[in-house]
There are 2 protein chains.
Amino acid sequence: MNNATILVIDDEVQIRKLLQITLESNDYKVIQASTAKEGMITTASHPPDLILLDLGLPDDSGHHVLQQLRAWYTKPIIILSVQSSEEDIVKALDNGANDYLVKPFRTGELLARIRSAIRGNLSEENDPVIDCGSLQIDLLARIVKKNNEIIKLTTTEYTLLCMLVKNEGKVLTHHYLLREVWGPGYINQSQYLRVFIAQLRKKIEDDANRPVHIVTESGVGYRFTAT
Amino acid sequence: MNNATILVIDDEVQIRKLLQITLESNDYKVIQASTAKEGMITTASHPPDLILLDLGLPDDSGHHVLQQLRAWYTKPIIILSVQSSEEDIVKALDNGANDYLVKPFRTGELLARIRSAIRGNLSEENDPVIDCGSLQIDLLARIVKKNNEIIKLTTTEYTLLCMLVKNEGKVLTHHYLLREVWGPGYINQSQYLRVFIAQLRKKIEDDANRPVHIVTESGVGYRFTAT
DNA sequence: TTTTCTTTATAAAATCTTTATACAGCCGGG
DNA sequence: CCCGGCTGTATAAAGATTTTATAAAGAAAA
């Protein structure tokens with residue numbers, strides 16, 4: 001009936017069990033992850049239709065996980081957290097969470113909020129595939145094809161390409177890209193950026209010496225052009 | 001900056017005042033309605049970008065109002081209610097509400113949830129583009145086009161052009177331009193200015209010898225004309 | 001082990017600064 | 001009137017500096 005896939009990222013096994021039973025009895029397909037790392041990998045390998053994310057993960061800050069996911073994952077993310085402080089809620093929502101429920105939550109309300117989130121997302125059902133002639137990028141499926149052949153990109157390369165593609169046409173500054181891809185502590189490591197831009201060009205440009213898609217704006221940053 | 005219009009439907013005048021002050025100080029435009037009927041009419045005559053709806057209206061059930069609105073209104077509706085029962089929340093969400101906050105609410109959280117709701121709804125908005133006939137300047141994307149072709153400008157050239165364009169029609173003195181573009185220590189280097197004005201003209205004017213956009217005001221400075 | 005990321009090094013390219021030269025208009029004296 | 005010096009301007013081009021591209025080696029992670 002429903003068949004939407006929901007990924008539960010939570011370290012408490014009881015919560016995961018409860019959610020699995022609740023969700024499956026409402027015809028959702030449930031997959032699980034118990035750590036931030038596992039959650040990221042699962043999201044990448046089997047992109048779900050919605051993510052339930054606990055902020056209190058053992059191996060990484062939930063807010064950081066959210067930011068990382070939102071770099072490319074566009075479907076709903078609902079936060080489940082014992083933290084009820086306004087600061088946490090505002091931060092999570094501004095980082096791209098669609099909703100925030102404080103534990104313990106009422107299952108009926110959770111289900112209603114899941115329905116609401118999925119409903120709101122239904123309109124843009126198909127994967128956003130960016131097509132630039134010989135180059136095709138499916139942000140959600142995390143697949144990049146050139147001349148119909150899948151190109152293997154490393155995590156960093158993919159994140160960087162996502163940032164550029166999502167802001168197609170705009171010039172992104174070195175600082176911005178470094179902050180979004182590597183983190184705020186790396187805004188002066190322009191060299192990292194150059195290295196990875198060069199690698200991306202070698203992989204996606206027809207002629208890396210005459211880049212068409214990834215254009216450098218000297219002294220400012222880089223820009224992605226689709227055409 | 002923001003300019004999204006928010007309609008507040010609530011019968012308590014204190015709540016409306018509070019919301020008006022809170023929202024307006026966050027650059028939203030606020031319109032109000034104190035009854036269900038008034039709310040419906042206002043929504044129809046001036047469709048807002050988001051509705052804050054109180055469930056406890058004097059003249060009609062809030063759930064009924066929500067259903068009526070959702071018959072045609074597609075933008076976000078956030079419920080504000082003193083009712084915290086699961087039944088009410090589930091009903092409201094399933095009737096098409098995007099979110100549900102229990103009164104008394106925290107203003108920071110409300111604002112974050114409003115941002116989240118509007119964010120999810122915003123369609124392909126493109127940047128404000130300054131259009132001067134064959135010349136187009138997108139300040140946000142940092143892109144200058146002439147006859148729809150992207151012109152490559154260096155950092156200094158772009159900064160200088162920005163100063164001129166932002167003060168379109170006004171004469172900017174040598175001193176002013178030098179101070180703004182190069183810094184206060186360069187106000188006597190008129191030569192720099194001449195060099196870069198010449199380069200800009202070569203790039204954006206149809207005929208650099210007969211400049212139309214960048215006009216020199218002898219003895220004073222330069223002026224940018226859009227037409 | 002293999003892959004990926006970080007770091008270092010160096011050559012090449014782009015940009016900015018600086019200098020040089022040319023032109024046009026203006027004014028006063030011859 | 002006309003000519004030379006003056007001022008303000010335009011443009012080219014050489015040099016200096018900054019920024020970028022790329023390879024490759026070492027470190028870390030899978």
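Each chain gets a letter, A, B and so on, in the order its sequence line appears, and its residues count up from 1.
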B/Asp138/B/Lys145 salt bridge by N-O under 4.0 Å criterion =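 No.
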What's the [atom1]-[atom2] distance between [X] and [N], to the nearest Å?
X	N	atom1	atom2	value
B/Arg194	C/dT17	CZ	P	16 Å
A/Glu217	D/dA21	CD	C1'	16 Å
B/Leu193	C/dC16	CG	C1'	14 Å
B/Phe196	C/dT17	CZ	C1'	8 Å
B/Leu160	C/dT17	CG	P	12 Å
A/Ile41	C/dT4	CD1	P	14 Å
B/Tyr158	C/dC16	OH	C1'	19 Å
B/Glu157	C/dC16	CD	C1'	10 Å

Tell me whether the side-chain N/O atoms of [X] come closer than 4.0 Å to OP1 or OP2 in [N].
X	N	result
B/His174	D/dG8	no
B/Lys202	D/dA12	yes
B/Ser218	D/dG8	no
B/Asn209	D/dT11	yes
A/Thr156	C/dC5	yes
B/Trp182	C/dC16	no

key: Donor-acceptor pair under 3.5 Å, B/Gln191 side chain vs D/dT11 base   =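 Result: at least one qualifying N/O pair found.
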Candidates C/dC16, C/dT4, D/dA10 - which lies nearest the side chain of A/Lys152 =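 The nucleotide sitting nearest to the side chain is C/dT4.
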inquiry  = Whether the A/Arg70 and A/Gln67 side chains hold a donor-acceptor pair (N or O, under 3.5 Å, no angle test) is what I'd like checked.
reply    =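 No, no side-chain donor-acceptor pair sits under 3.5 Å.
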inquiry  = Under a plain distance cut-off of 3.5 Å, with no hydrogens placed, do A/Gln68 and A/His64 share a side-chain donor-acceptor pair?
reply    =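 Checked: A/His64/A/Gln68 side chains pair up, N/O donor to acceptor below 3.5 Å.
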query = Roughly how far, to the nearest 0.5 Å, is CG of B/Leu160 from CD1 of B/Ile197?
reply =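 So the CD1 of B/Ile197 and the CG of B/Leu160 are separated by 4.5 Å.
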message = Using a 6.0 Å cut-off, check whether atom OH of B/Tyr186 has over 12 heavy atoms from anything other than its own residue.
response =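 Result for OH/B/Tyr186: open.
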